[in-house]
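One structure is given below, encoded as structure tokens.
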Amino acid sequence: AGQIVHISGKIQVVTQVTANTDGLMIYESTKGTVGALRWKDATPANQWQPFQLLREIDRSQDLTVTIELRGLGEVLIDDLKVVPIRAKP
């Protein structure tokens with residue numbers, strides 16, 4: 001409790017994600033799918049797109065990061081990091 005978590009990485013959507021409106025989702029257990037980052041369209045060829053989530057943790061609990069492909073397509077993820085940052089009192 002009282003920490004901020006920084007979740008970051010890079011993503012490359014090689015082929016457009018089809019057959020579902022959510023596409024690829026990255027989310028964590030405090031906000032769930034409501035706070036998810038979503039991708040459907042292909043990124044420019046051979047280019048990585050950085051992403052980040054900042055979450056304030058209001059109570060002590062396990063934190064789970066979920067990467068979920070809801071549809072058909074090809075997606076690459078690299079350099080995934082989860083870094084807790086202690087908030088000042």
Side-chain angles (χ1 to χ4, degrees):
Q3 288 186 325
I4 295 174
V5 175
H6 182 241
I7 302 164
S8 63
K10 298 182 289 190
I11 187 166
Q12 191 178 123
V13 181
V14 179
T15 59
Q16 180 180 14
V17 181
T18 60
N20 191 297
T21 57
D22 285 323
L24 176 91
M25 299 192 314
I26 298 177
Y27 58 94
E28 41 61 51
S29 54
T30 62
K31 292 213 182 255
T33 58
V34 172
L37 297 176
R38 292 176 166 82
W39 292 267
K40 285 183 65 177
D41 296 329
T43 54
N46 299 316
Q47 291 187 19
W48 290 92
Q49 176 183 356
F51 68 86
Q52 63 179 343
L53 287 166
L54 288 172
R55 294 292 186 251
E56 184 176 355
I57 307 301
D58 59 355
R59 66 181 196 271
S60 292
Q61 61 185 9
D62 289 339
L63 180 78
T64 304
V65 176
T66 302
I67 301 168
E68 187 174 339
L69 181 60
R70 291 188 176 184
L72 305 171
E74 182 180 354
V75 181
L76 305 173
I77 297 172
D78 193 20
D79 203 25
L80 182 64
K81 296 177 188 170
V82 179
V83 179
I85 302 167
R86 181 158 304 279
K88 294 183 179 181

>> Are Ile57 and Val65 linked, directly or through intermediate hydrophobic residues, by side-chain heavy-atom contacts shorter than 4.5 Å (ILVMFWY only)?
In response: yes

> Is Val75 linked to Ile26 within one hydrophobic cluster, defined over Ile, Leu, Val, Met, Phe, Trp and Tyr using a side-chain heavy-atom separation of less than 4.5 Å?
Replying inline: yes

Residues 42-50 side chain polar contacts: donor-acceptor under 3.5 Å, at least two apart:
{"unit_1": "Thr43", "atom_1": "OG1", "unit_2": "Val13", "atom_2": "N", "d": "3.1"}
{"unit_1": "Thr43", "atom_1": "OG1", "unit_2": "Val13", "atom_2": "O", "d": "3.4"}
{"unit_1": "Gln49", "atom_1": "OE1", "unit_2": "Trp39", "atom_2": "NE1", "d": "3.3"}

> Does a side-chain heavy-atom distance below 4.5 Å link Val14 with Gln12?
Replying inline: yes

>> Are the side chains of Leu63 and Gln3 in contact, using a 4.5 Å heavy-atom criterion?
In response: no

> How long is the gap from CD1 on Ile11 to CG on Leu24, to the nearest 0.5 Å?
Replying inline: 4.5 Å

>> If I take atom CD1 from residue Ile85 and atom CD1 from residue Ile4, how far apart are they, to the nearest 0.5 angstrom?
In response: 6.5 Å

Of all residues at least two apart in sequence or in a different chain, which pass the side chain to side chain contact (heavy atoms under 4.5 Å, CB included) check with [X]?
X     : result
Thr21 : none
Leu80 : Ile7, Phe51, Ile67
Asp79 : Lys10, Lys81
Thr66 : Tyr27, Thr64, Glu68

>> Going by salt bridge (Lys or Arg N to Asp or Glu O under 4.0 Å), name the pairs with one or both residues in residues 26-46, residues two or more places apart or in two chains.
In response: Asp22-Arg38, Glu28-Arg55

>> If I compare all heavy atoms of Ser29 with all of Asp62, which pair ends up nearest, and what's the gap?
In response: OG-O, 3.6 Å

> Looking only at heavy atoms, what is the nearest atom pair of Asp58 and Ala1, with distance?
Replying inline: O-CB, 3.8 Å

